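Okay, so here's the structure we're looking at.
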There are 2 protein chains.
Amino acid sequence: MTSSIEQIRHSFAHLLAAAIGELYPGAKNTIGPAIENGFYYDFEFPAGKDGKSAAPSDKDFVAIEKAMRKILADWQKKSVKFEETVASPAEAKKRFADNPYKLELIDDIIKKGEEVTLYQSGDFIDLCRGGHADVADMKADAFKIDRVAGAYWRGDEKNTMLTRIYGLAFSSKAELEAYEKQIEEAKKRDHKKLGRELGLFVFSDLVGAGLPLWTPKGTMIRNLLDEYVWSMRREHGYERVTIPHITKKALYETSGHWKKYADDLFKIKSREGHEYALKPMNCPHHTQIFASEPRSYRDMPQRYCETTAVYRDEQSGELSGLSRVLGFSQDDAHVFCRENQLEQEIFIIWDIIDRFYKTFGFDDIQVRFSRHDPTQIEKYLGTEDVWKKAESAIRSLLEKRGVAAIDGLGEAAFYGPKIDFIARDSLGRTLQVATIQLDFNMPERFGLECTNEKGLKEQIVMIHCAIMGSIERFMATLLEHTGGNLPLWLAPIQVKIAPVRESNHERARELGTLLAQAGLRVDADTSDTGFGKKVREAKDQKIPYTIVIGDKDMEKGVVTLESRDRGKIGEMKAEDVVDMLVKEVEDKK
Amino acid sequence: MTSSIEQIRHSFAHLLAAAIGELYPGAKNTIGPAIENGFYYDFEFPAGKDGKSAAPSDKDFVAIEKAMRKILADWQKKSVKFEETVASPAEAKKRFADNPYKLELIDDIIKKGEEVTLYQSGDFIDLCRGGHADVADMKADAFKIDRVAGAYWRGDEKNTMLTRIYGLAFSSKAELEAYEKQIEEAKKRDHKKLGRELGLFVFSDLVGAGLPLWTPKGTMIRNLLDEYVWSMRREHGYERVTIPHITKKALYETSGHWKKYADDLFKIKSREGHEYALKPMNCPHHTQIFASEPRSYRDMPQRYCETTAVYRDEQSGELSGLSRVLGFSQDDAHVFCRENQLEQEIFIIWDIIDRFYKTFGFDDIQVRFSRHDPTQIEKYLGTEDVWKKAESAIRSLLEKRGVAAIDGLGEAAFYGPKIDFIARDSLGRTLQVATIQLDFNMPERFGLECTNEKGLKEQIVMIHCAIMGSIERFMATLLEHTGGNLPLWLAPIQVKIAPVRESNHERARELGTLLAQAGLRVDADTSDTGFGKKVREAKDQKIPYTIVIGDKDMEKGVVTLESRDRGKIGEMKAEDVVDMLVKEVEDKK
C-alpha cells in the first residue's frame, strides 16, 4: 500500500461528493476533509418540492454507499489518478459559477496569492489542495456512511446551515469492523448508561446539569476509592486538612488565579458587597495553613491532603455525564518541602500512582513531561530562570527513574511544569489520569518559607499532586474500562444470595449474617420475587458473586457459588466462600 | 432579703451615677438599667483640658468604687429609701435644664401622656420609672466596676457617642466571686484561644473572616468525631450519599427556601447568566436522590446521611471563632419513611444522640418540643392541619419516651416541628446541640412517595436529623467543655515519649514504634530539645499521656507513665501501657 490513511480518507470525501453530485443534482459541495476515523463533506442541498431541504437522511445511506462503490469500481477499472490542474482565477470561477461556497474559497486563495488547483478523478473535478490516495488503496468494503449532522458554513453561526455527511474509512475491512466493534462496546460501556443501570449517580433538573448527585451505591464506591488513596498516602506521612469552599477574592489575586481564570470562577457577592469566589482549586487555601505558623527545617516536609469539591463555570453546552461537570471532587494533595526533598517526595507520589493504577489493570501508563512554552512566557507566572530550574529538576528525576517521557511542550500548568500520567483503557483509548506538578511560583507569591539549619529563611517548594485527579472523571473511566464489572472490593453489593424457594429463606438469612459479619456487603434476597428473577437481577447489577441455596445444598451443607467473571464455581462450604472472598477483597481484585 | 436581684442591680446604677456626679462634675448621666450580670450607666463626659473627653478608664475604677462605697455607707446609715416624686413637666425640665438627654426623655414621657417620676436617694435625684432595692440589700462587697465602652445615645450611630460604664452586681460577695471565677475559667477555655494554642484551626486574612481552615490536628479530631457518628448510624442502616454544594435556583423555589431565606443565601450567577445558590442546607438536594427512582414500601425507609459544608451569608459583624461562621460542616441525615415508621426511626436517632453526648459527659440533656406558633401560620409552610398532625405525632413520642419536654412555642423549623436537645456544659452554660425535625411539607412540595402494599401511591415523611449539628460549633463546645483536655480517643497526639537524655533516644524510638503499631498516635520526641522542655510541651499541648524514659527505666525494663488528668502513674511495662491505652481508646474515655 502506497497511500497514507489520511490520503485514503480525503479521497473518499471526493468519492462521496462525486456520488452526491449524481444522486442529488443541484447539491452544492463545499469542503470535505479527512478526520480521525474517516471523512466528512459539507453540502448545501436544494429545497425539495415542499420547500424543505431535500438533504439525505439515514435511510439514504445505502443508496449513497452503492453509488460510491459504483464510481469507485469505475475509477479502479480505469486506474484513475487524482490529476492536478492549475487553473487561472477566471477559469476556476467559471467552473464553479453556480457554487457561491467554492467562489468564496477561490477568492480567499487569490487573496493569499496562492495557486488555484483543481483535482480530477474520473468525471469528478473538485477545488482542492491535493493529498490523495492511489485509487487501488480505496477499498470498497472499508468505508461506510456514518451519520449526517448540521454544520454552519465555515463554522460560523451567522452563515447558512449546511448538511455534513460523515463517513468512516479505514485501510481494510478488518480495520473498519474492529473500529465499529469498539464503538459498539464503548456505547454499551458508556458511563452515563452504566451509572443509571447500576444506580450510582443521578442528575436532577432542579439541581441542574453538570451537578451529579451520588446515590448510596455510588457514594460507597467513591469512598472506597478515596480511602484506598488515603491509606497509601497515610503510610507516607500525609495528613488530612479541611478548607472552606469559598474565599475572598484577595486569595486568588495573590495566587494569580483571579487574573488567569477569571472566566472559569464562580463569583459570589455577599449581602454586604464583599467579593468571594467558589474555589476552582485548593492550592491557595492550603498555602494558608502552611503559612499559619513559622516552620523550621525540622517540620519539613508538610504533606497536606484533602478530598474536596471544586467548581468551575463551564459552558453548559460542554457538560457531559461525569466527564465534564460544574463541580467535581479532587483527591488533592500539596507537599511543602525543601528543594533537596523534591526527589524523595516526587518518587513517593509516583509509586502511589503506579500502585493505584496497576490495581485496576492500567499497566501501560505513559509519562508526559509537560513543559512551559518559552515563546509564550507571558502565559505563565514567574521568570524564565525559575522555569528552567523547575524543569531541569524534573528532567533529572525522569532520568533517574529511567523513563522515556513524551515531550509536552506548552502543556505546563501556569505556575509550574508537570509530570502527567497517561493511561490506556481496555478499549484502547488513552486518557490523562494522575499528575505531579512542581511549583516554585506559589511559594514565592505567598512567601512560604522555613528556617534552615543555619537559622536563615529559605523559600520552600510546592508539589501539587492528585492520584485520581477528579473522582468523577476517574469513576467514568473506571466504569467504561471495566464495563461496570467492578472488582470485588469496589462492588457496592459483593454477594447476592438467591434462595431457590421459601424453605431456603431462613438459611439464606443465616448465610447473609455470616458474610456480613466477615465484612462483606451482601444482599440476602428473601423477598417474594421469583428465583429466576433474583439471579437475573444479580447479573444486571453486575454483582461479583451469587450464592444459590436450594434444598439439595441444604441437605449437603453446602452452597452453590457463581462468579460474574469466571462463571459457575460450584458447591462450596459457606466458610470457604467467606475465606475466599475476604482474601479477594484484601488483594483488591 | 426583700429586694430582687434586678432591683439591686438597678439601684447600683443610681449609685454609680451619684458617684460619677461627685467625681466628674459636668458629666451628664443618661440611662442606666440592670443587665444580666449587673448594670450599666451611659454618660457624656465633658471635654478635658486637651479637648479630649475626660471619661474614666480602667485606672479610675478603684476611685469610682471607693466613692460608690462611701455614698452607699451613707445611704445605709440613714436607711435611705428611693423616694418617688411625681413632677410636673415644667418642674422636671427645670431640674434637668443642663442635660439635653434627660430633656429628650422627658419629652418622650410627655408625648406618651405618662407621669414624669423622679427618684431620690440621699442627695441624688434621677429621672426614673422606679423598681429599686432596699439599700440594706446593696452589699458593698458584692459589686465591682467591670469595664467601659463606647455606646451611641439610644443605640443610634447618628447620635453622640457616650461612655458606658459597666458594673457587676450580685446579692452577695460569694456570688460575685463565683461569677468572676466562671468568667476567668471561660476565658481560659475560650475555643478561639485553645484552637490557636493547640494548633487546631486558623483564619487567614486572604481567605476571610468566618472561614476557618483546619490544620492536620484539627482535621484529625473532626474526622474522628464524624466517624463516631457514622459508626452509630451505619449500625442502623444509614447510607452515605454525596451532593454538590451548588444548585440551580429552581430547587430552592420548590422547597420554599428561596423565599424564606433569600437574604442568607450566597447567590451565584454563571457566565451564561444562570442563577445558582451555594447550599445553606442539604434537605432539598437529598430529596432529589430519593425522587430519582420509584420506591416501593419494600425500599422504605431510606436513610441518607452526609457530612458536608453549608454556607450562609451572615453579617460580618456577627462572625466569631467557630460559633458564628460563613461556612460550616453539618453531620446531616434525612430519613425518608412511612408514617408508621416514624416512631422507630425517631427513637433510633434519639438513642444515638443520647449515646453521643454521654460519651463527652453531657449527662444532663434537656429536651425542647419546638412547635409552630398558630397565630403566625404565615411564617411556615403548609396548613394548620398538617402542623397539628406532625405535632401530635411528636407529642405522643415524647409521652412514650416519658420525657418532660420544655415547651418551645414558635421555635419550629419553617417546614416542621422539632425535638431539640439542650446540653449543659462543664461551666454550667446551656446550649442547643442535636435536633430531630419532622417534615410533612417537603415531601408534599417535592412529591415524594412510595407504592404501598395495595399498589397505591402514598406520600412519605421526612425526618431531618443532625447529631453534632455543626461540627464547627460542636468543636467549640467540646473545647470549652473540656478546656482542651480532649479524651484519649480524640487527642491528635495521644502519647508523648520524652527520653531523659540522648542515650535513651533509641529506646524512645522503639517505644514509639511499639505504640504506633498498636494504632496509637505517638510523638517519640528524639529532637535535640531539652528533657524539661519536652515535658512542658506535652503539658501545653494537653497530651493525655507522657512516657518518660531514663537510664533507670531502661535498666529495669520499664517506662514511667504520667497522665494529664490523673497525674503520675509510675513505672509500668511498655506492653501494659499499650494494653491500658488501647482499652481506654476503645472505651472512648
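Note on naming: letters A, B, ... go to the chains in the order of the sequence lines (proteins, then strands), and numbering restarts at 1 for each one. Because only heavy atoms are used, hydrogens play no part in the values below, and waters and symmetry mates are left out as well, while side chains stay in. Keep in mind that what you see is a predicted model, and the values were worked out from it rather than measured.
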Specify the closest pair of heavy atoms between [X] and [Y], including all atoms of both residues, with the distance to one decimal.
X        : Y        : result
B:Gln315 : A:Glu272 : CA-OE2, 3.2 Å
B:Lys248 : A:Gly208 : CD-CA, 3.4 Å
B:Thr215 : A:Val241 : C-CG1, 4.1 Å
B:Pro244 : A:Pro212 : CD-O, 3.4 Å

Taking atom [atom1] of [X] and atom [atom2] of [Y], what is their separation to the nearest 0.5 Å?
X        : Y        : atom1 : atom2 : answer
B:Leu251 : A:Ser204 : CG    : OG    : 6.5 Å
A:Ser527 : B:Arg298 : OG    : CZ    : 6.5 Å
A:Arg271 : B:Phe266 : CZ    : CZ    : 9.0 Å
B:Glu239 : A:Met220 : CD    : CE    : 7.0 Å
B:Ile268 : A:Ile268 : CD1   : CD1   : 4.0 Å
A:Thr247 : B:Leu326 : OG1   : CG    : 11.0 Å

Heavy-atom count around A:Glu157 CD within 6.0 Å, excluding the residue itself: above 12?
no
Side chain, backbone, both or neither of [X] within contact of chain A (heavy atoms, under 4.5 Å):
X        : result
B:Tyr252 : neither
B:Tyr276 : side chain
B:Pro284 : neither
B:His286 : neither
B:Asp264 : both

[X] versus chain B, the contacting section by heavy-atom distance below 4.5 Å:
X        : result
A:Val207 : both
A:Leu265 : neither
A:Phe203 : neither

Donor-acceptor pair, side chain of B:Thr219 and main chain of A:Thr242, under 3.5 angstrom
yes
Scored by heavy-atom pairs under 4.5 Å with chain A, the best of B:Gly199, B:Ser270, B:Gly218, B:Ala209 is B:Ser270
Any idea which of B:Ala250, B:Ala291, B:Ser329 has the most non-hydrogen atom pairs under 4.5 angstrom with chain A?
B:Ala250
Contact leader toward chain B among A:Ile246, A:Val325, A:Asp263, where contacts are heavy-atom pairs under 4.5 Å:
A:Ile246
Under a 4.5 Å cutoff for heavy-atom pairs, which residue among A:Thr254, A:Ile289, A:Leu278, A:Leu211 has the most contacts with chain B?
A:Leu211
Do A:Gln288 and B:Val202 have side chains that approach each other closer than 4.5 Å (heavy atoms only, starting at C-beta)?
no
Among residues 305-314 of chain B, which ones touch chain A with a heavy-atom distance under 4.5 Å?
B:Ala309, B:Tyr311, B:Asp313
